[in-house]
Structure formats: structure tokens, C-alpha cells
A.B. asks: 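Here it is, the structure in full.
Values below: every heavy atom of this structure, side chains too, minus hydrogens, waters and symmetry copies. Proteins come first, then strands; the chains are lettered A, B, ... in the order of their sequence lines, and each starts at number 1.
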Amino acid sequence: MDYDFHKIQDKWQKYWDDNKTFAASDDFSKKKFYALVEFPYPSGQGLHVGHPRSYTALDIVARKRRLEGYNVLYPMGWDAFGLPAENYAIANHIHPRIITEKNIANFKRQLKSIGFSFDWDREVNTTDENYYKWTQWIFLKLFEKGLAYKQEMPINWCTSCKVGLANEEVVGGKCERCGGEVVQKRKSQWMLRITEYAQRLIDDLKDLDFIEKVKVSQVNWIGRSEGAEVDFVLAGTDRKITVYTTRPDTLFGATYMVLSPEHPLIDELSDKITNLDAVREYQTQAAKKSEFERTEMAKDKTGVVLHGIKAVNPVNGTEIPIWISDYVLMTYGTGAIMAVPAHDERDWDFAKKFGLPIIEVVAGAEKDVNEEAYTNVSSGVMVNSGFLTGLKVKDAIAKMIDYLEEKGIGKRKVNFKLRDWVFSRQRYWGEPIPLVWCEKCGWVPIPESELPLTLPEVEDFTPGDEGESPLSKATDWINTTCPHCGGPAKRETDTMPQWAGSSWYFLRYIDPHNNDALASEEKLNYWLPVDWYNGGMEHTTLHLLYSRFWHKFLYDIGVVKTPEPYAKRTSHGMILGENNEKMSKSRGNVVNPDDVVDQFGADTFRTYEMFIGAFDQSTPWSENGVRGCHKFMERVWNLQDMIIDDEGYRADFENAMHKTIKKVTDDIERMKFNTAIAAMMSLVNDLYKAGGVTRGELKTLLILLNPTAPHMTEEMWQNLGFGGYVHEAKWPEYDEDKTRDDEIEIVIQINGKIRGKLSVPAGLDRDALSKLALESEEGKAAVGDKNVVKVIAVPDKLVNIVVK
RNA sequence: GCUCGAGUGGCGGAACUGGCAGACGCCCGGGACUUAAAAUCCCGUGUCCCUUAAAGACGUACCGGUUCGAUUCCGGUCUCGAGCACCA
């Protein structure tokens, strides 16, 4: 029989579609399994071969769970707001919706051609107004609870396009589109207080089954640090400057202070500063620098000292100078630091450049502190530090904080690197922010009954000259009345970032057509949490963190009952081009999934995607590898014509069958898809060597292979008349005893080198094994006339004879 | 600079808690079938020594250590990849 994969996959894809084979049921009595993959941005390039790596992996898990009797939810949708569609709209004067719809249709066709078992009735689209109605609803709740607020923030501004840019549009300090200069411009932006959740976002990771590197990067990104805030008094006044430090132990070594150039104190004290011109000049220069320049110039410290004022070191009364420098960031801590050049590299660089004193307060360094800063916390001992002298650093930190709190000049303080989420975009293609500005009432939310607040139709998608959102041109839409006082009001013209819609989409899949709530309570309680979520490492610190934050918020207001959205998170590696470089048009190494499916079929494509290499590692594409998998498909297909007359497992295949079931079962759970497939290949090789297969053996093989190659296994199941459909079969079980061999070949080593092999019954204990080995021909030959010093026997593995 | 990951045949990769390194696939070589080729099936395939085989030696980035035994554990070095990057 010919393996006509086109015919086979068309037939079964149609069957699954028509019969809604993979629809999740809302029968709450069943045990559930919620498998989730990151929904794609439907780009104009279509599906990349990287997408199906993740989708096939969880498709295999989902299909296996169904065979194990679970009620499985495995959904798909579209993260469809975003920049490329908007840029395309600007360039071609076409509404972004049109291009988005076209791209979605293409993506959907491609996904269907690969045979994923998605429940297409639950498809969601973030740009659908019935979807973003609930994105807006969540925003209103955040606003209501004080977690959304407006603040002036610097944005990336292209001086040539006159448009605000996302960070990913700034390449090497230039505008990605026109190459123009990018500077920082201050704009009033909506912000979300994710920092309120910082501690919980760290703490709750503990109980989650996330791969370790995801946990580590989230913790690092949130960047918790413990230290103290300390007040320094301005000499001759009672005005204080508060600094944040993680090393209060080094306070005796603080020889100067540094304020960020944006620090408000500079304005306050302007009448006291005698070199105000130089200070103003430095502030202007710093403001002009882009984020890029500020970090690029990192090594070369700059700064200006404030003449006319001094600060007093609170522990020793020394008057120290105050500087401003852009190495101190206004956005972290208090925007001011105490500088301890002996024990901080940055302060050391700065002190060296400007000739400031360096005082050692922690001893134990290999080099003199005038040569290099000594920053080791674990092994130093305090010197030149008054009441701290002689203490270890750790103890000195504790004692200093106690002292500061006692004297009322400082306190213990925890800081986070994580900053609040800039939630505004001056863009058209995003969810409108459902607030209006009223001169009398301030920012007022629109009533829930008016949701969704839909995007107005506009002619022109280009931003305004000052970087306003394109929505600012929709004057009819903007001018409205205040829901609170009824007076005239204007709508917010900023839209939400792409991260908004993806922060809660997994909830909408649970009940996608609900018009009264984002999802019904009952269904949320049944399906949550997501049991297994797979996605890229690039989403670890943004999407994954944002969605955990929103979920925790929804938990706090009682919408969901689980404090965390995802029980388990795994991550796939990248698929590279054949030349081991990242796939890209310019490198000419892009593989189009359509071509592979067309030439070799969906089953081969899926199998190869899983066989390509270790799932979590990046690995190059290989067309020869695809051919190898295709050959495997054909070899399995041809087993239909090799049936030998026997129903169950043949005696000499019993062991192999049970071993294969165990291997495939375990390996799928561990995401070792490549070795699961290798095990099935080995079994097939053995069947060929044996000259045929029994119906019982083939039946088991078809079920094991079904999650990976669903089309072919359905067809064969039907051809062979096994009854019903393979997707309704029961996942095979193995008997642990039958996976073991009766006879085992053990290795005989002399002094750790292999000198022979011996076949022995399985399960022999150490003594019996040693005896057998020493008495065996192989053993005697190996020992020869040397003295046996020691014998190490490992049951079922080896005997190592140590001789002299 | 910091954090994380990785380095194994010609190539992609196996090796669960230290126990036969190289499963499985690709490439390559040989054979069967065929008028022939393709496809298919079977066999071989880490390196060195060698006509071949046996036997032996070497071999998991590099140097050292622990151990009867190390791809696996420990210390150090190098290379590559990803992310973060003046966070006081």
C-alpha cells in the first residue's frame, strides 16, 4: 500500500474538524488537563518552523493525556495588536485590521495543516472587541484599586520621524526605521504598580514547577536587595538628604555623596549653589543623552561638584562634598548615594577621576584600596570604623542598622530593581484606555456598561507632531461627557501595550463566548491553574511576569481562586538554519513549514521537529534529518503488510514492548521527545529484523506513535480494523517486571579497565556476582597470577577486580 | 563586568541517582533486488597501529583532584550561546 500522506492528512484533518474531536468538555466531573502554548503574533511572514516546536510538544502531551482519560483543554488564539501591522498601515494607508485578518487566516491555515489538536471553538483574538472589552475591564479594576496611575516618564523619541519608539525599535541608539537620532523625551504615561507585587512575585515562585532558569531570571529581574536608608544632614541647616545603601557597614568610609542629575533637591537648593551654571549645564547634557549613550559611556565617569553646600556624615561628623553624576539613577533607591570608594567599584572609579579621598574601612583585601576597590562581603573585617571596628561585615551591617534606627537617622529598607510597568503607547493599534479627563473631576473611568470602548475609525495612522497617539485626530471620539459630573470631557488617546491582551488570554480560553464576565466562576474554578505552559525564554521577564502580576491582582479581587496562573512552565530551544545561524530572510536560510508539509507531510514534519535534538536546546535544521524521519514513517506504514498470524505480543517481543511503552511514556513527560522517538525507531528496526509484526504489537505501537504522528496512525488503525479510532484508544500500560531482562551481560573490569563480559541471571547479589566473576573463564584469564586485593560488585552492572 | 546554559565521532544528538561512551538518525562505504538507476531491504562505520581482522592503545574543550571506577562529582582555565547591564 502506498503511503499517500496528502490524502491521509486531508481526510483526518477534515474528520477531526467536522466531529470536533478535540473540543474540551465542561463536564466538571472529569479530571482536567489544561495545556497551553504561547499564542503567536500573526506576522506577515507566516509561521516560522520554531512555532511548531512548542506547539507539537504540547500537542503530544495533550493527545497523550486524552488517551489517558483526561478532559483536555488545548487552545489557540492570536496576539494580534502590535507594531508591524500598524507600521504597515502607516506605509500603505490600509487599516491594520485588514492586514491582521489576512495574516490570521494564513496562520490558521498553516496550523491546521500540521494537525494540531487545538479546540478551535475557543479561538481568541486580542483585537476582537468582545475580547478587549475584558482587557479594558481589568484595567478599570486596576485603576479602581489605585494600581494604575499617570506619571511623567522618559520615552524613546526619534527626532526625525517625530515618533515615540518602543525599546525594540531602537537599535544602537538610532531609529530602526529611518536611522535618525533617538533621544529621551518626557511624556505623561499610564503606569501599573507591578512593584506592589514584587515580593509576592518572588515568594510564590517557590512552589511552582518552573524550570530553574526561568525562576532565576525572574528573581534577578525583580532584583530584590536589602539595605538601609540613611539621612545625611546638609551642613549648617536641618535639611536632609536620604540615601539608600546595601552596605551601611561602610558608612565610616563615605567620603562624598552623589545625587542623580534629576534629583529635585538641586532645584530646591539652587540659591545656595554657587556654581549653578555648571550644574545646569551638566543637567542639560545628561538629559540630552539617550539611554544608549548613558550606558555606553558607563566606564567613563562624569560629574560636577556642588559648590556652596556640604553634607555631614552622620556617624563621624565629617563634612563631605556633594556631587551630581549620571551614574546615579533617579529611578532606583532615593536617587542619591553615599560614596564609599574603597569598597565600591563605581565610587572608586569616580574618586580616582576626581581625586577624592579613599578610606579603607574593611580590611582583608589582597591589594591596597588605592589600587582597587575591595567589595568582598564574606571575608572582610571592619577597620577605621569606630564602634564597628573588629566586626565581620555581616555583623557590622546588622549593628549599624540597629544604631541608625536607635538614633533616628536611618532605617532598614528593601529595594527592587523592578520598576512600574509603563502601560501607555502613543499608537493606534491597541486597546483604548477606558478613561476620560474632566477638568473638574480629573481622570474618570467610563462605566462598565459602556465597555468595550471600541477603537474609532481614522484615516491617518501616523502619530502627531509631538508624538501624540493617532487617536488624538479622532476629535468626534475624543470629545465626550464626564460620566461623573456630566460636563465636557476628553477621552484618553493613548492605547495599551501589546502585553495587555496577552496578560490574561489563558483565562478567556476557559469561557471565550461569555458576555457577562471574562469567564464564569465555575469554569475558572474547574480549569485553573494551567497545568503545563510552554513558551520561549524571551518571554520570561515580560509576558510571564506581567501575566503572573495580573493573575495575582485578579486573585486579590476574587475573580480567580488560584494565586498563580501556571503550575508548570517549560521552555523550548531555538531552531536555527542549516548553517547554524539564526533563520532570517537576509541570510537566506529560512525554512517554510508549508514546504515541508507539502513535500513530506504533517506527520514527518511533526516527528522531525521533535527528533531534531534536545527540546530545550537550540539546534540547526537539517533536510536530511527530515528525510530520515520520513523513512521512519514509511517503515511504520509498511508494517501493515508485514502482519504475522498472532494476536498479542510474541514471547520474544514481550520484553521489548514493555520497555518501549515505559520509555515513551516517561520520555514524553520529561520532554525527551527525541529519545522517545528513537525508542520507537529501535522497536521498528527489531520488528523488521524479526520479519513481521503481530496485530497486538502493532496496535500498541500505533497508540504510542499517535500523539507524534496522528494522521498516519488513525489511517492504519482504521485499515487494520482495530475498531473505533486510535484517538479514543487507551494509552498502553507496562508491567515493570516485564521491562527487566532475565539474563544480563555484566562487565568484568580489572583495575577499572574492561577485560571481559559475562552473562549472568538478573538480580544476583554482590557476593554471588563476585564469586561467579572470579570463577568464570573471563575472570580467571583477566586476573592471571596477580593478587586480588579487592572485588567491587555492582548488581546487574559489573564486577571490578582490583589486583596488584 | 554579572547571571544562566553549553562544549561528546564527519554532522544532529544518546548515556535515569558515578558503572560497557557514541543509543537513534544523517552522511559515507559495501552487498541483495534491478537490464540499469532510484526506492527498498541487509551489513559496516570514533581515532591510532594495520592489507584486513584479532589484540592493544587513545578518546567526552583544556589542566589538576576525589574514587576500585569520572562525560557525570570538586577546584582552576579556555571557547561559544542567551539574558542583564552604573540597581549603590
A.B. asks: Under 4.0 angstrom, heavy atoms only, what part of the nucleic acid is Ala614(A) near: base, sugar-phosphate, or nothing?
C.D. replies: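 Contact class for Ala614(A): sugar-phosphate only.
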
A.B. asks: Is it true that Glu345(A) and Lys352(A) have a side-chain N and a carboxylate O under 4.0 angstrom from each other?
C.D. replies: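 Lys352(A) and Glu345(A): not salt-bridged.
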
A.B. asks: With a 4.0 Å cutoff (strictly under), does any side-chain N or O of Lys797(A) reach OP1 or OP2 of G18(B)?
C.D. replies: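 Answer is no, no contact under 4.0 Å.
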
A.B. asks: Nearest whole angstrom, please: distance from the P of C41(B) to the CG of Asn638(A).
C.D. replies: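 In whole Å, C41(B) P lies 8 Å from Asn638(A) CG.
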
A.B. asks: Looking at Asp666(A) and Lys663(A), is there a salt bridge between them, counting it only when a charged N and a carboxylate O are closer than 4.0 Å?
C.D. replies: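 Looking at Lys663(A) and Asp666(A), the cut-off is not met.
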
A.B. asks: Quick one: is Asn624(A) getting a side-chain N or O under 4.0 Å of the G12(B) phosphate, OP1 or OP2?
C.D. replies: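 The answer is no; no side-chain N or O of Asn624(A) sits under 4.0 Å from OP1 or OP2.
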
A.B. asks: Return the nearest nucleotide to the side chain of Thr619(A); candidates are C20(B), C16(B), G12(B).
C.D. replies: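 Nearest to the side-chain atoms of Thr619(A), counting from C-beta on, is G12(B).
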
A.B. asks: A23(B), C20(B), C43(B): which one has an atom nearest the side-chain heavy atoms of Ile754(A)?
C.D. replies: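 For the Ile754(A) side chain, the nearest candidate turns out to be C20(B).
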
A.B. asks: Based on Watson-Crick and G-U pairs with both distances under 3.5 Å, what dot-bracket line describes RNA chain B 5' to 3', crossing pairs as [ ] and inter-strand pairs as |?
C.D. replies: (((((((..(((......[....))).(((((.......))))).(((.......)))..(((((..]....))))))))))))....

A.B. asks: For Val794(A) and for Met681(A), locate the closest nucleotide of RNA chain B by heavy-atom distance; then report the residue assigned to the nucleotide nearer the 5' terminus.
C.D. replies: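 Its nearest nucleotide being more 5', the pick is Val794(A).
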
A.B. asks: Syn or anti for G9(B), taking syn as within 90° of 0?
C.D. replies: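 That one's syn.
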
A.B. asks: Quantified in whole Å, what is the P atom distance between nucleotide G7(B) and nucleotide G13(B)?
C.D. replies: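 That atom pair is separated by 9 Å.
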
A.B. asks: Using the C1' atoms only, state how far C74(B) lies from G18(B), rounded to an integer number of Å.
C.D. replies: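 Per the computed distance, 13 Å lies between those C1' atoms.
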
A.B. asks: My understanding is that only residues two or more places apart in sequence, or in another chain, count here; which of them pass side-chain hydrogen bond (donor to acceptor under 3.5 Å, both in side chains) with Tyr734(A)?
C.D. replies: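 Residues passing side-chain hydrogen bond (donor to acceptor under 3.5 Å, both in side chains) with Tyr734(A): none at all.
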
A.B. asks: To the nearest Å, how far apart are Lys215(A) NZ and G5(B) P?
C.D. replies: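 In whole Å, G5(B) P and Lys215(A) NZ are 14 Å from each other.
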
A.B. asks: OH of Tyr244(A) versus C1' of C86(B): gap in Å, rounded?
C.D. replies: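 So the OH-C1' distance, Tyr244(A) to C86(B), works out to 16 Å.
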
A.B. asks: What is the nucleic acid contact for Ser217(A), judged by heavy atoms within less than 4.0 Å: base, sugar-phosphate only, or nothing?
C.D. replies: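 Result for Ser217(A) = nothing.
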
A.B. asks: Whole Å only: how far is the CE atom of Met574(A) from the C1' atom of A6(B)?
C.D. replies: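 Distance, rounded to whole Å: 13 Å.
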
A.B. asks: If a pair satisfies ring-ring contact (aromatic ring centres under 6.0 Å, His included) and one of its residues is in residues 745-773 of chain A, list it, with sequence neighbours excluded.
C.D. replies: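 Qualifying pairs: none.
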
A.B. asks: Apply side-chain hydrogen bond (donor to acceptor under 3.5 Å, both in side chains) to Gln285(A) and list each qualifying residue two or more places apart in sequence or on a separate chain.
C.D. replies: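 With sequence neighbours excluded, Gln285(A) shows a side-chain hydrogen bond (donor to acceptor under 3.5 Å, both in side chains) to Glu281(A), given in chain and number order.
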
A.B. asks: Can you measure Asn415(A) atom CG to A88(B) atom P for me and round it to whole angstrom units?
C.D. replies: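 In whole Å, A88(B) P and Asn415(A) CG are 8 Å from each other.
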
A.B. asks: Between residues 603-613 of chain A and RNA chain B, which residues have a heavy-atom gap below 4.0 Å?
C.D. replies: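 Of all residues in residues 603-613 of chain A, the ones placing a heavy atom under 4.0 Å from RNA chain B are Phe611(A), Ile612(A).
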
A.B. asks: How close or far is atom P of A88(B) from atom OH of Tyr327(A), stated in whole angstroms?
C.D. replies: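 After rounding, the reported distance stands at 13 Å.
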
A.B. asks: Answer yes or no: does atom NZ of Lys771(A) have more than 12 heavy-atom neighbours from other residues, nucleotides or ligands under 6.0 Å?
C.D. replies: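 It does not: Lys771(A) NZ has 12 such atoms or fewer within range.
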
A.B. asks: Would you indicate, yes or no, if G81(B) has its OP1 or OP2 atom less than 4.0 angstrom from a side-chain nitrogen or oxygen of Ser618(A)?
C.D. replies: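 The answer is no; no side-chain N or O of Ser618(A) sits under 4.0 Å from OP1 or OP2.
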
A.B. asks: Could I get the full list of side-chain hydrogen bond (donor to acceptor under 3.5 Å, both in side chains) partners for Gln218(A), not counting sequence neighbours?
C.D. replies: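 For Gln218(A) the side-chain hydrogen bond (donor to acceptor under 3.5 Å, both in side chains) partners, ignoring immediate neighbours, are Arg548(A).
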
A.B. asks: Is Tyr688(A) touching bases, backbone alone, or none of the nucleic acid, heavy atoms closer than 4.0 Å?
C.D. replies: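 Sugar-phosphate: the residue Tyr688(A), judged by heavy atoms under 4.0 Å, touches backbone atoms but no base.
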
A.B. asks: With rounding to whole Å, what would you report as the distance between C78(B) and U71(B) at their P atoms?
C.D. replies: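 About 23 Å, rounded to a whole number of Å.
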
A.B. asks: For G12(B) and G65(B), measure between their C1' atoms and round to the nearest Å.
C.D. replies: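 Result for the C1' pair: 34 Å, nearest Å.
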
A.B. asks: Picking from Glu669(A), Arg670(A), Met671(A), what satisfies side chain to side chain contact (heavy atoms under 4.5 Å, CB included) with Asp667(A)?
C.D. replies: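 Considering Glu669(A), Arg670(A), Met671(A), a side chain to side chain contact (heavy atoms under 4.5 Å, CB included) with Asp667(A) is found only for Arg670(A).
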
A.B. asks: For every nucleotide of nucleotides 63-76 of chain B, 5' to 3': is a protein heavy atom under 4.0 Å from its base (B), only from its sugar-phosphate (S), or from neither (-)?
C.D. replies: -----B--------

A.B. asks: Considering only side-chain heavy atoms of Lys631(A), which listed nucleotide, C24(B), A88(B), C41(B), is closest?
C.D. replies: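 Of all the options, the side chain of Lys631(A) is nearest to C41(B).
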
A.B. asks: Go through A15(B), A88(B), C4(B) for me and flag the one nearest to the Lys213(A) side chain.
C.D. replies: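 For the Lys213(A) side chain, the nearest candidate turns out to be C4(B).
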
A.B. asks: List for me each residue that meets ring-ring contact (aromatic ring centres under 6.0 Å, His included) alongside His539(A), sequence neighbours excluded, and say none if there are none.
C.D. replies: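 With sequence neighbours excluded, His539(A) shows a ring-ring contact (aromatic ring centres under 6.0 Å, His included) to no residue whatsoever.
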
A.B. asks: How far, in whole Å, is C28(B) from A39(B) if one measures between their P atoms?
C.D. replies: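 So the two P atoms sit 10 Å from each other.
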
A.B. asks: Pick the C1' atom in A21(B) and in A70(B), then give their distance to the nearest Å.
C.D. replies: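 Straight-line distance between the two C1' atoms is 12 Å.
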
A.B. asks: Got a sec, which residues hit side-chain hydrogen bond (donor to acceptor under 3.5 Å, both in side chains) with Glu581(A), two or more places apart in sequence or on another chain?
C.D. replies: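 side-chain hydrogen bond (donor to acceptor under 3.5 Å, both in side chains) list for Glu581(A), sorted by chain: Arg587(A).
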
A.B. asks: Just how far, in rounded Å, is C1' of G83(B) from CG of Leu545(A)?
C.D. replies: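 About 15 Å, once rounded to whole Å.
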
A.B. asks: With respect to the phosphate group of C2(B), does any side-chain polar atom (N or O) of Lys417(A) fall under 4.0 Å of OP1 or OP2?
C.D. replies: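 For C2(B), OP1/OP2 do not have a side-chain N/O of Lys417(A) under 4.0 Å.
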
A.B. asks: Taking the side chain of Ala678(A) as its heavy atoms from C-beta onward, which of C20(B), A15(B), C24(B) lies nearest to it?
C.D. replies: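 Closest nucleotide among those given: C24(B).
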
A.B. asks: Quick one: which residue pairs count as a ring-ring contact (aromatic ring centres under 6.0 Å, His included) with a foot in residues 666-687 of chain A, not counting sequence neighbours?
C.D. replies: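 Qualifying pairs: Phe615(A)-Phe673(A).
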
A.B. asks: For C11(B), take OP1 and OP2 only and decide whether either is under 4.0 Å from a side-chain N or O of Asn580(A).
C.D. replies: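 Checking C11(B) against Asn580(A), no side-chain N or O comes under 4.0 Å of OP1 or OP2.
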
A.B. asks: C42(B), OP1 or OP2 - any side-chain N/O from Arg635(A) closer than 4.0 Å?
C.D. replies: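 Yes, Arg635(A) has a side-chain N/O under 4.0 Å of OP1/OP2 on C42(B).
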
A.B. asks: Per the atom types in the model, does the base of C86(B) pair as donor or acceptor with the side chain of Lys301(A) at under 3.5 Å?
C.D. replies: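 Indeed, a donor on one side and an acceptor on the other fall under 3.5 Å apart.
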
A.B. asks: If you measure from the C1' atom in U3(B) to the same atom in C11(B), how many Å do you get, rounded?
C.D. replies: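 Roughly 32 Å separates the two C1' atoms.
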
A.B. asks: Rounded to whole angstrom units, what separation is found between the CE atom of Met330(A) and the P atom of C86(B)?
C.D. replies: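 It is 17 Å, rounded to the nearest whole Å.
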
A.B. asks: Check for me whether the distance between the ring centres of Tyr256(A) and Phe350(A) falls short of 6.0 Å.
C.D. replies: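 Yes; Phe350(A) has its ring centre under 6.0 Å from that of Tyr256(A).
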
A.B. asks: C68(B) and G1(B): how far apart are their P atoms, nearest whole angstrom?
C.D. replies: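 Pairwise P distance, C68(B) against G1(B), rounds to 40 Å.
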
A.B. asks: NA contact type, Val747(A), heavy-atom cut-off 4.0 Å: base, sugar-phosphate, or nothing?
C.D. replies: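 Val747(A): base contact, heavy atoms under 4.0 Å.
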
A.B. asks: For Ala793(A), enumerate each residue passing the side chain to side chain contact (heavy atoms under 4.5 Å, CB included) test, keeping only those at least two apart in sequence or located in another chain.
C.D. replies: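 Residues passing side chain to side chain contact (heavy atoms under 4.5 Å, CB included) with Ala793(A): Arg766(A), Leu769(A), Ser770(A), Val799(A).
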
A.B. asks: Could you check whether Thr245(A) gets within reach of a base, just the sugar-phosphate, or nothing at all, counting any heavy atom under 4.0 Å?
C.D. replies: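 The residue Thr245(A) makes sugar-phosphate contact but no base contact.
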
A.B. asks: Can you sort out the partners of Trp621(A) under ring-ring contact (aromatic ring centres under 6.0 Å, His included), two or more places apart, ordered by chain and number?
C.D. replies: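 If we apply the ring-ring contact (aromatic ring centres under 6.0 Å, His included) test to Trp621(A), skipping adjacent residues, the hits are Tyr608(A).
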
A.B. asks: Could you tell me whether Arg412(A) and Glu226(A) have a side-chain N and a carboxylate O separated by less than 4.0 Å?
C.D. replies: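 No, Arg412(A) and Glu226(A) are not salt-bridged.
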
A.B. asks: Assign each of Ser225(A) and Asn220(A) to its nearest nucleotide of RNA chain B by heavy atoms, then name whichever residue's nucleotide is nearer the 5' end.
C.D. replies: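 Looking at the nearest nucleotide for each, Asn220(A) comes out on the 5' side.
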
